[in-house]
Novice: 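Provided herewith is a single structure, encoded as structure tokens, for subsequent inquiry.
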Amino acid sequence: MSSVSKTGAPSESGQPVLLRFDDNGLLSLLYGEHDRHLVRLEAQLGVRLAARGDRLAISGPPDAVGAAELALNALYQRLRKGLEVGDAEVDAVVRMGAQAPGAGAGESAVADVYAEDLAIITRKRRLSPRSPTQATYVRALRSYELVFAIGPAGTGKTYLAVAMAVSLMMAGKVDRIILSRPAVEAGERLGFLPGDLRDKVDPYLRPLYDALYDMLPAEQVMSRLSNGEIEVAPLAFMRGRTLSNAFVILDEAQNTTPVQMKMLLTRLGENSRMAVTGDLSQVDLPKGQPSGLRDAVELLSGMDTVALVRFTNADVMRHSLVTRIVGAYEARDRARDPGDGSSEPL
């Protein structure tokens, strides 16, 4: 039985649609503080939303009213499942509806992304995908031993992988989490940075620490780092090891060489899985040096235990301006050299 009832139908004359919600306790979360989520939907979709008790009237152009109804229903169902709703979730559900035009297609896409079984539970957060590609990625992380995720920054490639790793550790399915990045010098020489080796490489690893602190309380992060259950280390530190009963994440993999990539991939031991993430449009290797990520994807993506997930600028989950920035750079790169595939996912 639906938890949202509807009366009225959008028409060319502008007759409003009236939604009625069966749980008043969730409405403040749905509407947001000072109705900020409703204001956000009005601005993005060009509709007018008027709340009266457990009822919400939607008026405006028929297509926009349909998109607003889809968004509100999807966000309400998230709340019923115990998932959070914030500005990012509002933006995401509007974006999904726009990318799947037509009421049926949009509803199907949103339902697929917000399926119950795709939620990732960590100690601090309960996460779920915010785009169809993220949903595909979460399924791959659960089902495959090796997952390659390629695409622009801000698409959640590393963040979701860290969340999945923490979730599996909490469930006792892996004993260790190993997070790694290549310490490639992008315009600044490591030798000129202050401090010892740890001080020099920690800035490269900081995004991985940030993701960990989003998933676990600070004291647990520190405890697990000190006892070796979680390890954050440069790629070079992986040589000669066998990584068993572990979830291994290699971030910024576009900056590995083919030799380095082979070295890491062959570290996998019993009951381990690996996520390899990167953006092939941001390779910082010396000119002429091939990317190990590109090489590995070309060589391995056809294997039945290996998954490849491609993200695009449509999946960028950061500030809406980031999506436009990524698109502008990609368009310029294509215009400069249409025959060069270096800026495009494989």
Side-chain angles (χ1 to χ4, degrees), residues 4 19 26 29-33 35-47 49 56 58 63-122 124-141 149 151-164 211 214-215 277 309-327:
V4 183
L19 300 182
L26 297 179
L29 299 174
L30 177 65
Y31 297 167
E33 187 178 4
D35 292 344
R36 61 181 295 166
H37 297 158
L38 300 185
V39 172
R40 201 173 186 90
L41 285 171
E42 287 179 329
Q44 294 193 35
L45 296 174
V47 296
L49 304 174
L56 182 68
I58 313 172
D63 288 345
V65 169
E69 180 187 350
L70 170 63
L72 287 161
N73 273 286
L75 294 171
Y76 185 69
Q77 296 305 326
R78 278 185 62 87
L79 292 170
R80 286 176 59 86
K81 294 174 183 177
L83 298 170
E84 65 183 26
V85 167
D87 290 349
E89 284 71 34
V90 174
D91 293 346
V93 76
V94 170
R95 181 168 49 243
M96 282 188 283
Q99 291 170 3
E107 186 173 352
S108 176
V110 172
D112 181 59
V113 170
Y114 289 156
E116 181 87 35
D117 65 336
L118 295 182
I120 304 174
I121 302 172
T122 70
K124 289 179 66 175
R125 302 193 62 189
R126 181 182 172 100
L127 301 93
S128 68
R130 293 176 179 170
S131 75
T133 309
Q134 283 194 352
T136 299
Y137 184 42
V138 170
R139 292 190 185 99
L141 289 171
T155 51
K157 304 183 299 296
T158 303
Y159 197 78
L160 287 173
V162 172
M164 183 64 71
D214 271 1
M215 308 302 165
T277 70
V309 181
R310 298 182 179 90
F311 290 84
T312 70
N313 62 340
D315 299 299
V316 173
M317 297 295 139
R318 293 178 181 169
H319 192 287
S320 59
L321 180 58
V322 175
T323 304
R324 294 161 59 193
I325 291 171
V326 170

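Keep in mind that this is a model prediction, so the values were computed, not measured.
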Novice: Hey, is the main chain of Glu69 close enough, under 3.5 Å, to the side chain of Asn73 for a donor-acceptor pair?
Specialist: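 Yes; judged by distance alone, with no hydrogens or angles, the pair exists.
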Novice: side-chain hydrogen bond (donor to acceptor under 3.5 Å, both in side chains) with Thr136: which residues, sequence neighbours excluded?
Specialist: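 Here no residue qualifies.
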Novice: For residues His37 and Val85, report the shortest heavy-atom separation together with the two atoms involved.
Specialist: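 Answer, listing the atom of His37 first, then Val85: CE1-O, 3.5 Å.
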Novice: Could you tell me which non-hydrogen atom of Glu42 sits nearest to which non-hydrogen atom of Leu49, and how far apart they are?
Specialist: OE2-N, 2.7 Å
Novice: Could you check Val309, Thr133, Leu160 and say which one makes a side chain to side chain contact (heavy atoms under 4.5 Å, CB included) with Val138?
Specialist: Leu160
Novice: Is there a side-chain contact between Leu70 and Met96 in this structure, where contact means two heavy atoms from C-beta onward sitting under 4.5 Å apart?
Specialist: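 Not in contact.
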Novice: Go through the structure and list residues passing side chain to side chain contact (heavy atoms under 4.5 Å, CB included) with Ala68, not counting sequence neighbours.
Specialist: Leu45, Val47, Ile58
Novice: State, yes or no, whether a side-chain contact exists between Tyr137 and Asp315 at a heavy-atom distance under 4.5 Å.
Specialist: no
Novice: Side chain of Gln134, backbone of Thr155: donor and acceptor closer than 3.5 Å?
Specialist: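 Judged by distance alone, yes, a pair lies under 3.5 Å.
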Novice: Please name all residues satisfying side-chain hydrogen bond (donor to acceptor under 3.5 Å, both in side chains) with Gln44, sequence neighbours left out, ordered by chain then number.
Specialist: Asp91
Novice: Without swapping roles, check the side chain of Arg78 against the backbone of Glu84 for a donor-acceptor pair under 3.5 Å.
Specialist: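 Present.
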Novice: Looking only at heavy atoms, which two atoms of Arg126 and Ala119 are closest? And how far apart?
Specialist: NH2-CB, 4.1 Å
Novice: Taking Glu89 for the side chain and Gly86 for the main chain, is one N or O donor matched with an acceptor at less than 3.5 Å?
Specialist: yes
Novice: If you look at every heavy atom in Pro129 and Ala135, which pair is closest and at what distance?
Specialist: CB-N, 3.5 Å
Novice: Taking Leu38 as the fixed residue, which of Leu30, Val90, Leu72 is the one that meets the side chain to side chain contact (heavy atoms under 4.5 Å, CB included) rule?
Specialist: Leu72
